[in-house]
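The figures that follow rest on heavy atoms only: side chains count, while hydrogens, waters and symmetry mates do not.
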Amino acid sequence: METRGHDLGEAARSGAILTPKMPIVELSLACRELSPPTPERTPSAVVQVALVDAQEQSLAPHSWTEVVEGTRDPLFLTGVTFPPGYPICEETRVKLTVYDVKDPSHETRNILGYATFSVGDLLKSKEQQLTISLRTSDGTSAVGAVVVSRLKMGEIEDGEVDHIAADVPGQKCTLVCESPHGTLNDRDNNPLMNAVFKNPVSKLYRFQTADSQWMQVREQMAECTVSFGVPKQLLALYIQEDAARIEELKNLGELSPHWDNLRKEVIAHYGQVISSYQETLGELSKLTGPSFKPSCHKGQKYLEFVPINLHTQRMRVTCPRGADTMYDIITVGAPAAHSQGFKNGGLQRLLSRYEAEKRNFSTAYQCIYYSPEDTAKARQVLTSIGQLYPLISSLADRLLESAQQQSLDRLKEALQTLSDKTEQFVHALKDELVKTALLALHTARPGYVTKLGPPVCNNVGRPGSETPPTADSPTSQKAQDSIPHHSEYDEEEWDRVWANVAKALNCIIATPPLCPGDWPEQLRPLVDVLKGCVTEVADRARKSMTFVLLQEAVCSIPQGLLLKQRRDVVFSQALAALTCGFLMRLYAGVEDKGFLQQLHVVGLVAQFESLLSTYSEEIGMLEDMEVGISDLRGVAFRITEAVSHNPAYLQPLILGRRDHYTVEVPLPPDVFQALPNEIKDGKPLQVYPVLFNIGINEQQTIAERFGDISLQERINVKNFETLDGYYKSLSDKVPLECLPCFQTQTELKDLLGTLGQNVGTKKRKNVEILWLAGAICRRMNGIRFTSCKSAKDRTSMSVTLEQCALLRDEHHLSKEHFLRALDCMRRDGCRIENVQKNIRCRKYAFNVLQLMAFPRCYRPPEGTYGKVDS
């Protein structure tokens with residue numbers, strides 16, 4: 001997490017741009033014929049690696065291997081890395097101390113022996129391998145040998161690693177080498193990646209395939225600048241939008257005392273929200289350090305807009321005589337308002353309850369009830385006015401400039417553009433909501449009195465509004481009676497006002513051109529009329545839509561405004577995760593013509609996998625997450641051309657308002673120019689978020705046996721329908737050749753059919769739903785996300801399982817080594833490093849009783865879990 005007020009002082013965590021390079025020296029270790037500590041017991045060995053400082057006559061500890069239990073010939077799966085810049089040279093001496101671990105849980109150990117060697121001796125040795133005798137601490141007796149091998153990072157050749165474990169056939173499976181300060185491949189090591197992905201941690205493994213070949217597997221985990229960048233931008237936009245609402249309310253003009261008091265109350269509440277958001281933004285702007293929020297800070301109020309533990313996870317696989325293959329997953333804590341708690345549920349439940357209660361508030365405050373669709377429409381109209389009104393004014397001035405320049409071609413072009421935007425403007429405002437809202441605003445002016453008393457207009461029906469009253473219902477009769485009659489208010493006036501805009505435009509279009517010198521005088525009065533009509537329409541529509549939002553805000557005090565803040569928090573976390581995933585996917589596919597065609601023709605699916613239970617507080621988290629992921633449907637992406645390769649110019653930029661945001665993603669000029677024209681022209685790129693949830697822990701067991709899992713079932717069914725709809729659109733518009741090729745022969749259509757059957761079947765902890773959804777997402781070039789409460793423990797089990805399943809299904813990982821590979825990734829891979837980053841402890845937060853309720857394939861290896869503060 002970033003720290004407040006001071007820098008951590010480490011280059012890798014300072015926010016500086018790192019350009020990681022390939023590690024210089026990477027080693028694997030093994031021991032042979034270790035002497036047993038007692039006749040009746042074989043050793044459980046672990047090796048400490050340290051550097052000898054000859055001048056200071058001291059040791060500098062560097063790293064440890066894992067414990068290999070019960071063998072005299074251990075092969076250690078964890079390797080040793082000396083990254084670039086590490087102070088070693090050929091003269092550097094390395095000391096290896098081998099311990100016998102009596103009790104792994106209490107880390108009780110005794111020295112078996114030690115050995116030293118120089119880096120130069122290793123590099124100059126035949127096959128770059130040394131076998132060194134282990135000596136007791138007094139140096140008198142040999143207690144076995146240690147084998148040190150340098151790992152070569154070049155092409156994998158058949159039999160290349162056979163020598164590493166030639167004498168230990170029972171352990172000839174895996175080597176892992178960590179690279180904590182950098183990536184290991186030029187494709188991951190470019191300015192574009194380094195601009196937004198920070199502090200990478202890499203691990204290297206070699207696994208045996210079913211046909212006794214060797215594959216090289218690299219895991220890489222990184223932070224992303226959008227963890228804090230997106231929340232800070234959104235907070236600024238929230239503040240800007242709410243400040244604009246205050247100005248619009250002030251500009252409504254005179255209102256009756258009743259409405260004026262309500263307006264003052266709403267403005268005061270908006271002011272409180274703005275003040276709170278400004279304070280949060282100020283706190284976030286002080287932070288320096290790592291680009292992620294650790295799980296232990298998920299309840300911090302000033303960090304509530306920041307996603308929990310957001311990281312990228314990439315697995316790159318290199319097989320003999322095969323091209324590299326990459327698999328990406330974004331891991332993030334479930335988007336949820338932890339600082340606000342879940343005592344009363346999450347957003348989905350709270351919003352449903354609030355909409356029901358809002359009708360009662362509308363009666364109490366003498367307001368019109370507007371449905372969520374109406375208020376969303378009002379915001380959309382206000383946005384259209386804000387964009388189109390100044391644009392039309394500038395286009396009208398451009399038309400006069402073209403006339404002044406006496407260029408007929410430019411005059412025609414300017415007129416066509418003005419005509420298009422004016423028609424778009426009229427179409428946006430030609431809505432029944434605007435008309436009825438103008439009438440409601442008229443009744444709220446000072447001195448207005450209906451024939452039957454005060455203007456109490458509840459549940460005024462309009463096409464598309466929720467539960468419109470019937471013609472003969474008491475509510476409808478009351479509403480009709482409270483609306484002034486034509487003699488009091490001309491309901492057709494609005495139709496005439498916006499129709500005047502079209503007439504003014506038609507006058508300009510229909511005017512026959514005179515000689516070029518007369519064009520300015522001929523067009524100026526017509527243009528002035530058009531601008532005047534547009535101004536009048538914009539002013540009336542803006543005030544009517546502001547009045548709609550005023551009534552919605554009045555009915556929202558205070559519960560609705562608290563819900564808005566909660567929704568802002570959850571959406572901020574969700575958008576940061578989506579932006580991170582989009583960047584990762586775009587950068588990986590920027591040279592893939594099929595992917596780029598799919599991107600601009602139909603967009604991408606973003607598949608969120610959740611492991612939350614439907615019990616206790618996690619129900620509230622899931623309810624928050626459902627709404628947050630659903631709100632991402634209002635997000636579009638646009639690719640822009642960056643000024644340069646400077647990292648500052650490659651950060652995503654967010655534009656827009658609540659209900660609709662556009663994320664602009666800058667690419668370097670050379671990369672941008674190679675894109676399809678549709679993308680370069682700024683076409684909005686759509687993303688289709690889907691969420692599938694299966695709880696796997698002991699709380700889910702309780703929910704399935706004694707509680708309610710209907711929320712999970714509804715989410716899975718609803719999102720399957722969205723996913724199926726996306727597939728149909730993809731099949732219709734994009735050739736199958738654009739999609740990636742996989743070894744598994746099952747057709748995409750059949751996978752969807754199986755997923756549909758599973759979401760409709762009642763089965764406890766049906767994790768096959770998650771596996772199928774993930775496979776379908778990858779087959780459709782989608783973006784994969786995995787979440788639990790903190791993205792640390794259950795998420796790690798899921799990610800490592802998915803990676804090993806991909807190695808088995810796509811790269812023929814041998815079945816007998818599947819579980820060993822899985823344990824290796826969980827014990828020594830990137831995910832245990834993620835745990836360390838979050839809680840400063842290398843233990844997953846599980847206990848034995850909890851794990852008994854987990855599906856077997858989601859259980860970590862012995863010794864890697866325990867009771868910790870997560």
Side-chain angles (χ1 to χ4, degrees), residues 1-4 6 8-10 12-13 63-64 66-67 78 104-107 178 180 198-203 219 221-224 227-228 287-304 306-313 329-336 338-339 573 577 610-613 617-618 621 696-699 786-800 823 825-851 854 858-870:
M1 196 216 72
E2 302 198 354
T3 57
R4 307 182 72 180
H6 66 279
L8 292 180
E10 299 178 34
R13 298 184 177 182
S63 62
W64 291 80
E66 81 283 8
V67 178
T78 307
S105 62
H106 292 86
E107 298 185 352
E178 62 178 304
K198 304 293 183 182
N199 303 331
V201 174
S202 296
K203 301 284 181 171
E219 276 187 306
M221 179 182 69
E223 302 162 15
C224 187
S227 280
F228 287 84
L287 303 178
T288 59
S291 301
F292 84 107
K293 178 176 83 174
S295 62
C296 55
H297 291 163
K298 56 179 168 283
Q300 290 275 5
K301 178 69 176 175
Y302 78 101
L303 292 173
E304 63 181 350
V306 181
I308 301 165
N309 192 19
L310 175 62
H311 281 81
T312 63
Q313 176 96 10
I329 305 176
I330 309 301
T331 60
V332 63
H338 290 271
S339 63
Q573 296 179 26
S610 169
L611 299 158
L612 294 171
S613 68
E617 281 196 341
E618 290 198 4
M621 297 175 203
I696 63 171
N697 66 2
E698 78 287 355
Q699 290 188 326
T786 297
S787 296
C788 59
K789 181 166 67 175
S790 64
K792 177 173 60 66
D793 304 303
R794 282 169 284 179
T795 292
S796 294
M797 299 303 102
S798 176
V799 167
T800 49
D823 281 359
M825 285 186 175
R826 289 173 175 175
R827 187 186 299 276
D828 302 300
C830 286
R831 299 315 303 178
I832 200 69
E833 299 295 339
N834 182 270
V835 173
Q836 172 71 31
K837 289 178 69 173
N838 275 272
I839 61 173
R840 302 188 183 278
C841 174
R842 301 176 73 84
K843 296 280 188 183
Y844 298 111
F846 304 129
N847 60 49
V848 175
L849 290 177
Q850 285 177 317
L851 292 176
F854 277 47
Y858 287 88
R859 300 175 187 174
E862 289 289 338
T864 63
Y865 56 87
K867 186 177 181 180
V868 293
D869 183 11
S870 60

Practice item. Check the pair Asn309 / Ser790 against side-chain contact (heavy atoms from CB on, under 4.5 Å), numbers first and verdict last. Key: CA-CA 7 Å; Asn309 192 19; Ser790 64; 5.6 Å; no

Review point. Taking C-beta and beyond as the side chain, do Leu303 and Phe228 meet within less than 4.5 Å on heavy atoms?
Key: yes

Check your understanding: Given the rule in the side-chain contact (heavy atoms from CB on, under 4.5 Å) test, do Tyr858 and Asn697 qualify, once you have shown the distances and angles that lead to the verdict?
Key -> CA-CA 10 Å; Tyr858 287 88; Asn697 66 2; over 6 Å; no

Point to revise | Lys792 vs Asn834 side-chain heavy atoms within contact, under 4.5 Å | key: yes

Check your understanding: What's the spacing between Lys301 NZ and Ser339 OG if we round to 0.5 Å?
Key -> 4.5 Å

Revision key, fill the gap. Separation between OG (Ser796) and CD (Gln313), nearest 0.5 Å, reads 8.0 Å

Exercise for review: Tell me, please, which residues at least two apart from Phe846 pass ring-ring contact (aromatic ring centres under 6.0 Å, His included).
Suggested key: Phe854

**Study point:** Interatomic distance, Leu849 atom CG to Glu698 atom CD [nearest 0.5 angstrom]
**Key:** 9.0 Å

**Study point:** Glu618 side chain to Ser613 backbone, donor-acceptor under 3.5 Å
**Key:** yes

**Study point:** Lys/Arg-Asp/Glu bridge criterion (N-O < 4.0 Å) met for Glu833, Arg842
**Key:** yes

Review point. Roughly how far, to the nearest 0.5 Å, is the SG atom of Cys841 from the NZ atom of Lys867?
Key: 13.5 Å

Practice item. Using the test side chain to side chain contact (heavy atoms under 4.5 Å, CB included), find all partners of Thr800 that sit at least two apart in sequence or belong to another chain. Key: Leu822, Met825, Arg826, Arg831

Check your understanding: Is the side chain of Thr864 donor-acceptor paired with the backbone N or O of Arg827 at a distance under 3.5 Å, no angle test?
Key -> no

Point to revise | Tyr865 and its side chain to side chain contact (heavy atoms under 4.5 Å, CB included) partner, picked from Val835, Asp793, Val848 | key: Val848

Check your understanding: With no hydrogens and no angle check, is any side-chain donor or acceptor of Gln573 less than 3.5 Å from a backbone partner on Ala336?
Key -> yes

Review point. Any side-chain heavy-atom pair from Ile696 and Met797 closer than 4.5 angstrom?
Key: no

Review point. If we only count heavy atoms from C-beta on, is the Thr331 to His311 side-chain gap below 4.5 Å?
Key: yes

Exercise for review: Please indicate whether Gln836 has more than 12 foreign heavy atoms, meaning atoms of other residues, nucleotides or ligands, lying under 6.0 Å from its CD.
Suggested key: yes

Review point. So, Arg794 side chain and Leu611 main chain: donor-acceptor pair closer than 3.5 Å or not?
Key: yes

Exercise for review: Report yes or no: does Ser227 contribute a side-chain atom to a donor-acceptor pair with the main-chain N or O of Ser291 at less than 3.5 Å?
Suggested key: yes

Exercise for review: Search all heavy atoms of Ala577 against all heavy atoms of Val332 and return the closest pair with its distance.
Suggested key: CB-CG1, 4.0 Å

Check your understanding: Would a 4.5 Å heavy-atom cut-off, applied to side chains only, mark Ser295 and Ile839 as touching?
Key -> yes

Exercise for review: Report the residues that fulfil side chain to side chain contact (heavy atoms under 4.5 Å, CB included) with Glu617, sequence neighbours left out, ordered by chain and then residue number.
Suggested key: Phe342, Met621

Review point. Is a donor on one side and an acceptor on the other found under 3.5 Å between the side chain of Lys293 and the backbone of Val306?
Key: yes

Review point. Between Lys298 (side chain) and Pro307 (backbone), is there a donor-acceptor pair under 3.5 Å?
Key: no

Practice item. Compare all side-chain heavy atoms of Tyr302 with those of Leu287 and state whether any distance is below 4.5 angstrom. Key: yes

